[in-house]
K.L.:
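This is the structure I want to talk about, given as structure tokens.
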Amino acid sequence: MSKYDMIALYGPVALIVLALVWGFARIAYLSRAEDVSVLAFIGRSRSGPELVLGAVAIVLDLYLLLRPFVPALDGFAMAGHTPIGHFGVPIMALGVGIAVLSQMGMGKAWRIGVPREVEASQSLVTTGLYRFSRNPIYVGIMLFVIGSAIVIPGPVTILSTIITFVFMNKVIEAEEAFLKDAFGAEFDAYCKQTRRWL
């Protein structure tokens, strides 16, 4: 196995583990040090798009995590090896980096899911990466998913990319409706200056 094959096989595993460790550490820090409940989806029913995105994320991440240890998965998933697969790993890494920096940039305002109402620790974040995109975390996630389709093209990764994009737009619409209600003219002005994606 060449070093490029090793990168394509184990690079996604390292990135997923890194992202999970970061995410849990960030949630724990905000909860303990800042007394902020990041998990806004707890205590309310999840929307259809949220459920679909969650299911796609679980399937894609499990597939990428298990591939090095269960080689038969690629055959089962009808995924094809490609000699340029290792080029997808830097795209995935860029996506993780953008998502992490975006979460940091939100500070105490970061939530997973749409809260029922605006909390005291929340504000409209328009600085950092949010100057270039209203949704840089989602830009990062899309880059990660696109990178996975380059690493190992097949129905699982290609469908994950399409479904993620479609349903992420629906989640963004719900989040932006919340922000419009919460911040009114300030959010409208931000929308005029900054695109939804890039």
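What's counted below: heavy atoms across the whole structure, side chains too, no hydrogens, waters or symmetry copies. Quick caveat: nothing in here was measured; it's all calculated off a predicted structure.
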K.L.:
Quick check on Phe69: does its CZ atom have over 12 non-hydrogen neighbours (other residues, nucleotides or ligands) under 6.0 Å away?
P.N.:
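More than 12 heavy atoms, drawn from other residues, nucleotides or ligands, come within 6.0 Å of this atom.
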K.L.:
Walk me through whether Leu30 and Gln103 qualify under side chain to side chain contact (heavy atoms under 4.5 Å, CB included).
P.N.:
CA-CA 11 Å; Leu30 288 171; Gln103 289 171 359; over 6 Å; no
K.L.:
When you look at Val52 and Lys170, which way does the side chain to side chain contact (heavy atoms under 4.5 Å, CB included) test go after all the steps?
P.N.:
CA-CA 11 Å; Val52 170; Lys170 294 182 181 304; over 6 Å; no
K.L.:
Between Val13 and Leu62, is there a shared hydrophobic cluster once you connect ILVMFWY residues whose side-chain heavy atoms come closer than 4.5 Å?
P.N.:
no
K.L.:
Going through the checks in order, is the side chain to side chain contact (heavy atoms under 4.5 Å, CB included) test met by Thr126 and Glu186?
P.N.:
CA-CA 10 Å; Thr126 60; Glu186 184 184 3; 5.6 Å; no
K.L.:
Under 4.5 Å between any side-chain heavy atoms of Glu117 and Gln122, yes or no?
P.N.:
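They are not in contact (no side-chain heavy atoms under 4.5 Å apart), so the answer is no.
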K.L.:
In terms of hydrophobic clusters joined by side-chain contacts under 4.5 Å, are Ile58 and Ile163 together?
P.N.:
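Hydrophobic grouping puts Ile58 apart from Ile163.
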K.L.:
Check the pair Val100, Arg26 against side chain to side chain contact (heavy atoms under 4.5 Å, CB included), reporting the backbone distance first and the verdict last.
P.N.:
CA-CA 10 Å; Val100 165; Arg26 182 88 175 132; over 6 Å; no
K.L.:
When hydrophobic residues are tied together by side-chain contacts of less than 4.5 Å, even through go-betweens, does Val166 share a cluster with Leu60?
P.N.:
yes
K.L.:
Counting C-beta onward and ignoring hydrogens, is there a side-chain heavy-atom pair between Arg134 and Ile172 closer than 4.5 Å?
P.N.:
no
K.L.:
Can you find a heavy atom in the side chain of Ile16 that is under 4.5 Å from one in the side chain of Phe144?
P.N.:
yes
K.L.:
Consider side chain to side chain contact (heavy atoms under 4.5 Å, CB included). Of Arg195, Met168, Glu176, which one does Asn135 pass it with?
P.N.:
Glu176
K.L.:
With clusters defined by side-chain heavy atoms of hydrophobic residues (ILVMFWY) lying less than 4.5 Å apart, directly or transitively, does Leu20 cluster with Leu64?
P.N.:
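Yes, because Leu64 and Leu20 connect within a single hydrophobic cluster, where side-chain heavy atoms sit under 4.5 Å apart.
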